[in-house]
Amino acid sequence: MKITKIITTSLSVLVGIMLIASGLMKAIHLPWSVAGLVKFNLPNSATILGLMEMSFAILFLIRKTMRIGFILLCCYFAGAMATELSHDGSMLNPGVPLALIWVTAFLKDRSIFWVPLNHQNLP
């Protein structure tokens with residue numbers, strides 16, 4: 001139990017730092033961070049995308065809002081994957097953070113992925 005808690009906390013911190021740093025770099029228009037958006041003809045969207053990424057990450061890190069943060073991050077990175085795929089990009093760029101988000105969410109709250117059936121409530 002203690003090791004699981006350490007791993008969960010470590011992954012949460014890693015995901016939080018990674019997403020907030022990535023969002024901040026987009027929001028302040030660091031040239032190497034916005035270069036990928038230029039490739040997709042989205043350089044003017046860097047600020048809003050960065051702010052969205054940071055706010056979704058914060059929602060994900062807070063225990064009471066973790067579920068909505070998880071859903072919003074999944075949607076954000078699914079859109080990033082679709083954009084990458086439509087422009088012959090690498091699916092690893094959004095895929096790696098998304099995988100880490102899923103693993104972290106599973107360790108934090110397994111009921112997101114599986115809801116047991118209660119046979120007493122069936123009609």
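Between N93 atom CG and F77 atom CZ the span is 10.5 Å, to the nearest 0.5 Å. Distance CD1/I112 to CD1/I71: 7.5 Å, rounded to 0.5 Å.
Using a 4.5 Å cut-off on side-chain heavy atoms (C-beta onward), F106 and L11 make no contact. Proximity of M81 to M91: side-chain heavy atoms (C-beta onward) are separated by under 4.5 Å at one or more points. V15 places none of its side-chain heavy atoms less than 4.5 Å from the side chain of P97.
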Exercise for the section: Go through the steps for S12 and F60 under the test side chain to side chain contact (heavy atoms under 4.5 Å, CB included), then give the verdict. Expected result: CA-CA 9 Å; S12 295; F60 181 69; 5.7 Å; no
Exercise for the section: Would you please test L19 and L61 for side chain to side chain contact (heavy atoms under 4.5 Å, CB included) and show each step? Expected result: CA-CA 11 Å; L19 295 176; L61 294 173; over 6 Å; no
Exercise for the section: Applying side chain to side chain contact (heavy atoms under 4.5 Å, CB included), run through C75 and M52 and close with a yes or a no. Expected result: CA-CA 11 Å; C75 293; M52 287 170 53; over 6 Å; no
Practice task
Apply side chain to side chain contact (heavy atoms under 4.5 Å, CB included) to the pair L49 and Y76, showing each step before the final yes or no.
Solution key: CA-CA 9 Å; L49 289 172; Y76 179 85; 4.0 Å; yes
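The distance between the ring centers of F70 and F113 falls below 6.0 angstrom.
A pairwise comparison of heavy atoms in S111 and D109 identifies OG-OD1, 2.6 Å as the closest pair. Shown here for I7 and L107, the closest heavy-atom pair between the two residues is CG2-CD1, 4.0 Å. For the residue pair E84 and P94, the shortest heavy atom distance occurs at CG-CD, 4.0 Å.
A side-chain contact (heavy atoms from CB on, under 4.5 Å) with I17 is found for one member of L14, V13, I20 and no other, namely V13.
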Going by atom type alone, with no hydrogens or angles, which donor-acceptor pairs under 3.5 Å involve a side-chain atom of residues 25-46 and a protein atom two or more places apart or on another chain?
| from | atom 1 | to | atom 2 | distance (Å) |
| --- | --- | --- | --- | --- |
| K26 | NZ | S22 | OG | 3.1 |
| K26 | NZ | E53 | OE1 | 2.6 |
| H29 | NE2 | T47 | OG1 | 2.7 |

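Of the possible donor and acceptor atoms, none in the side chain of T9 sits under 3.5 Å from a partner among the backbone N and O of I6.
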